[in-house]
Amino acid sequence: MFELFLGKLRKYEIRMRKAVTSERHGNFHSVFKGSGLEFDDLRLYQYGDDVRAIDWNTSAKGHGTFIKIFKEDKEQTAFFMLDVSASQQVGEASRLKIDIAKEICGVLTLSAIQEASRVGLLCFSDRNERYIRPSDGMKHGYSVLSEIYKLVPESTKTSISEAILVALNVLRRRSLIFLISDFIDADYQHNLKALARKHDLIVIHLYDLRETSLPKLGIIPLYDAEKQRTTWVNTSSKHYRDDMTNRFQKRSAELEKLCRQNRADYISINTQEDYVPALIRLFKVRRYAKSGMASS
């Protein structure tokens with residue numbers, strides 16, 4: 001079965017690579033390039049410099065406006081944070097959120113194996129379900145893919161905040177981080193800001209249509225996998241349906257705004273749809289952003 005999983009990942013990865021490198025879209029490597037930037041020095045701001053590179057703490061001392069100079073770290077790291085909590089057990093039997101999350105994580109890992117020198121993994125619920133320290137080589141990369149495929153979490157709950165603390169503690173150098181989750185959690189925002197400040201962060205927000213718009217089935221039991229309890233809800237109630245949609249939209253909008261304010265990339269993916277186009281768009285946007293910064 002792992003061979004089938006790997007075959008699907010390879011097919012999607014090739015499709016994504018071809019789309020990103022086709023026509024004038026540039027080299028696929030540019031997507032990962034710059035993820036291993038290490039602080040090198042400070043210099044005075046000059047006209048035309050990227051204002052995002054200004055070191056405000058140093059500049060506030062009153063001796064001039066300074067910008068940070070970075071050098072590329074050849075030991076680049078792509079680090080994957082995968083939410084495997086019970087809220088991911090939603091969707092059609094053949095397309096549960098957790099299955100799509102594993103596929104997306106696997107496709108990106110496959111790309112990173114070939115483009116980045118080091119790959120690491122943290123699968124989390126409200127605890128560390130599986131941690132693989134970043135390392136290089138194809139053998140290591142395929143062991144990461146194997147762990148993604150076979151992992152069965154021990155806990156049903158979620159703590160994105162705790163997972164971020166683990167990542168902040170284990171990653172000493174600036175890394176490219178993919179955080180893949182449905183973000184059905186609370187009180188993680190402060191730690192997410194810290195993660196985005198220290199690393200190059202990509203947030204991949206997964207959702208299922210059942211979380212935004214249930215069919216009108218009357219009064220039915222809904223099982224909360226994380227709390228492990230059943231509640232009865234009236235799916236035909238306009239108030240219930242509107243409240244459900246509004247809560248999802250508010251949560252998504254707040255997460256996207258948080259990412260934008262902290263210079264983290266954000267994409268949302270409906271797990272009932274083909275996710276490859278969304279990943280392709282993300283990679284193209286990142287490439288253009290990096291070329292724009294390079295030419296400024």
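Worth knowing before you read on, the calculation uses all heavy atoms, side chains too, and leaves out hydrogens, waters and symmetry mates. Position 1 is the first residue of the sequence, and the numbers go up from there.
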So which heavy atom on [X] is nearest to which on [Y], and how close?
{"X": "Leu42", "Y": "Phe66", "answer": "CB-CD2, 4.3 Å"}
{"X": "Asp208", "Y": "Gln272", "answer": "OD2-NE2, 2.6 Å"}
{"X": "Ala278", "Y": "Ile269", "answer": "CB-CG1, 4.0 Å"}
{"X": "Arg130", "Y": "Asn128", "answer": "N-OD1, 3.1 Å"}
{"X": "Tyr266", "Y": "Ser252", "answer": "OH-O, 3.9 Å"}

Find out whether [X] and [Y] are in side-chain contact, i.e. whether some heavy atom of one side chain is under 4.5 Å from a heavy atom of the other.
{"X": "Lys150", "Y": "Glu147", "answer": "yes"}
{"X": "Pro134", "Y": "Leu171", "answer": "yes"}
{"X": "Leu279", "Y": "Tyr12", "answer": "no"}
{"X": "Phe124", "Y": "Asp83", "answer": "yes"}
{"X": "Thr65", "Y": "Ile54", "answer": "yes"}
{"X": "Ile67", "Y": "Arg43", "answer": "yes"}
{"X": "Ser111", "Y": "Met16", "answer": "yes"}
{"X": "Tyr275", "Y": "Glu273", "answer": "no"}

From the list Leu206, Ile104, Asp99, Ile98, side chain to side chain contact (heavy atoms under 4.5 Å, CB included) with Thr271 holds only for Leu206
Candidate list Ile164, Val166, Val170, test side chain to side chain contact (heavy atoms under 4.5 Å, CB included), partner Leu122, passing option
Val166
For atom CE of Met138, is the number of surrounding heavy atoms from other residues, nucleotides or ligands below 6.0 Å larger than 12?
yes
Would the number of heavy atoms belonging to other residues, nucleotides or ligands and lying under 6.0 Å from CZ of Arg127 be above 12?
yes
Apply side-chain contact (heavy atoms from CB on, under 4.5 Å) to Leu110 and Gln114, showing your working.
CA-CA 7 Å; Leu110 199 55; Gln114 302 175 64; 4.3 Å; yes
Cluster link [X] to [Y], ILVMFWY, side chain under 4.5 Å:
{"X": "Val107", "Y": "Phe2", "answer": "yes"}
{"X": "Ile180", "Y": "Ile148", "answer": "yes"}
{"X": "Val276", "Y": "Phe178", "answer": "yes"}
{"X": "Ile132", "Y": "Leu145", "answer": "yes"}

Taking Arg251 first and then Glu254, would you say they form a salt bridge - that is, a charged N and a carboxylate O separated by under 4.0 Å?
no
Can we say Asp242 and Arg247 salt-bridge, meaning some charged N sits less than 4.0 Å from an Asp/Glu carboxylate O?
no
Evaluate the ring planes of Tyr188 and Phe183, with Trp represented by its six-membered ring, and classify them as parallel (under 30°), tilted (30 to 60°) or perpendicular (over 60°).
tilted
Rounded to the nearest 0.5 Å, what separates atom [atom1] in [X] from atom [atom2] in [Y]?
{"X": "His205", "Y": "Leu179", "atom1": "NE2", "atom2": "CG", "answer": "10.5 Å"}
{"X": "Leu192", "Y": "Arg197", "atom1": "CG", "atom2": "CZ", "answer": "10.0 Å"}
{"X": "Gln88", "Y": "Ile100", "atom1": "CD", "atom2": "CD1", "answer": "10.5 Å"}
{"X": "Gln189", "Y": "Asp187", "atom1": "CD", "atom2": "CG", "answer": "6.5 Å"}
{"X": "Met81", "Y": "Cys123", "atom1": "CE", "atom2": "SG", "answer": "10.5 Å"}
{"X": "Lys157", "Y": "Asp126", "atom1": "NZ", "atom2": "CG", "answer": "6.5 Å"}

For residues 159-169, which residue pairs qualify under side chain to side chain donor-acceptor pair (under 3.5 Å), counting only residues two or more places apart or in two chains?
Ser161-Asn191
Short side-chain to backbone donor-acceptor contact, [X] and [Y], under 3.5 Å:
{"X": "Lys193", "Y": "Cys259", "value": "no"}
{"X": "Thr109", "Y": "Cys105", "value": "yes"}
{"X": "Asn262", "Y": "Ala264", "value": "no"}
{"X": "Lys97", "Y": "Asp182", "value": "no"}
{"X": "Lys102", "Y": "Tyr149", "value": "yes"}
{"X": "Glu129", "Y": "Ser155", "value": "yes"}
{"X": "His199", "Y": "Ile177", "value": "no"}
{"X": "Ser143", "Y": "His140", "value": "yes"}

Show your working on salt bridge (Lys or Arg N to Asp or Glu O under 4.0 Å) between Asp243 and Lys238 and close with a plain yes or no.
CA-CA 8 Å; Asp243 182 60; Lys238 184 178 186 302; over 6 Å; no
No-hydrogen, no-angle side-chain donor-acceptor test under 3.5 Å, Asp185 and Thr158
no
I'd like to know whether the aromatic ring centres of Phe248 and Tyr207 sit less than 6.0 Å apart in this structure.
yes
